[in-house]
Amino acid sequence: MRTVFATLLLALAATAAVAAPKDRGPQWASLTADQQQVLAPLQSDWPRMSKEQKVKWIGITKRYPAMKPEEQKRIQARMQNWVKLTPEQRWQAREHYRSIATKVAPDRKEQLRRYWAEYQSLSPDEKRMFDVPPSYVKPAERRQRVKQPKQEQPKPPFSLP
Amino acid sequence: MTDMNEQQFANWIRAALNNGARLNARILERLRVAREHALERRRVAPLGWREPAGELAGGESENIGGFGAFSLRVVLPMVLMIAGVVGIYRWQQEQRAAEAEQLDSQLLTDDLPIDAYLDRGFEAWLKKAANR
């Protein structure tokens, strides 16, 4: 009887926790003037963001003063496009950033920019030849892939804000 | 020591105790009750876990048994376990948020545009270009 009572109590507590209204995080009006200025490109998207996303952006505003002027311009120019991406696209971009940018020595950044410019100059068909998983794909299969539409994007194992 | 000697020794101890322990009837009665309680509890203990309310006879059981003891034995560990799981989950969330904050601030200030990291072919192209 007591076990049943305790189980009921725990079930009630769990139900209450789940049924509680979801915390949407800080409102735009509650941000400081500096935070609003840094995050100005996100103002229209702010109400739709999750609490985790908002906390992350507020964290980024704390790093903002330490950034170089050109980095400050870049992040403000890019943040709106970033929030418009799907969680899968953001995950993919982070994974590629980890595997590309973090392995390149600072003195080779210029070379990386040149590679990107070179890649940009390829035709869409040529680019598609490289749109493959990292593992080796035989040339015949690559040619086949060129004719096929793009593969579905990989799903992230967990979601980051 | 032989069996006979042991028996004699035991008789000697019993006689000594009988002579020495000349207690009044009230104390003897209390000792008898205490001994019976001790024996009763000793008989019950090996049977394993029982409802705390039934473990002690009399008024003591009202304080030690009941829902209070049940809470200590069952509900409290469950609550602690749930609190632990929730704590670990929150810690993981915070770690992920901190990781995302650092990674995103680097990615969004990087020399290359976001498109470079969204393009799956670029990484393969880089490998090819690096091997040239």
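Small disclaimer: the values here were computed from a predicted structure and weren't measured. Residue numbers start from 1 in every chain, and the chains themselves are labelled A, B, ... in the order their sequence lines are given, proteins ahead of strands.
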Report whether A/Ile100 and B/Leu107 are members of the same hydrophobic cluster (ILVMFWY, side-chain heavy atoms less than 4.5 Å apart, transitive linking).
yes

A/Trp116/B/Phe122 aromatic ring centres below 6.0 Å:
yes

Segment of A/Ile58 engaging chain B (4.5 angstrom heavy-atom cut-off)
neither

salt_bridge(A/Glu52, A/Arg24) N-O dist < 4.0 Å:
no

Would you mind checking if B/Arg32 and B/Glu29 are paired as a salt bridge, meaning a charged N to carboxylate O distance below 4.0 Å?
yes

Side chain, backbone, both or neither: which part of A/Leu112 has a heavy atom under 4.5 Å from chain B?
both

Check whether B/Leu112 gets within reach of chain A through its side chain, its backbone, both or neither, counting any heavy atom under 4.5 Å.
both

Contacting moiety of A/Arg63, where chain B heavy atoms sit under 4.5 Å
side chain

Measure distances from A/Gln76 to the heavy atoms of chain B and classify the residue's part below 4.5 Å as side chain, backbone, both or neither.
neither

Group every Ile, Leu, Val, Met, Phe, Trp and Tyr by side-chain heavy-atom contacts under 4.5 Å, then state whether A/Tyr64 and A/Val55 land in the same group.
no

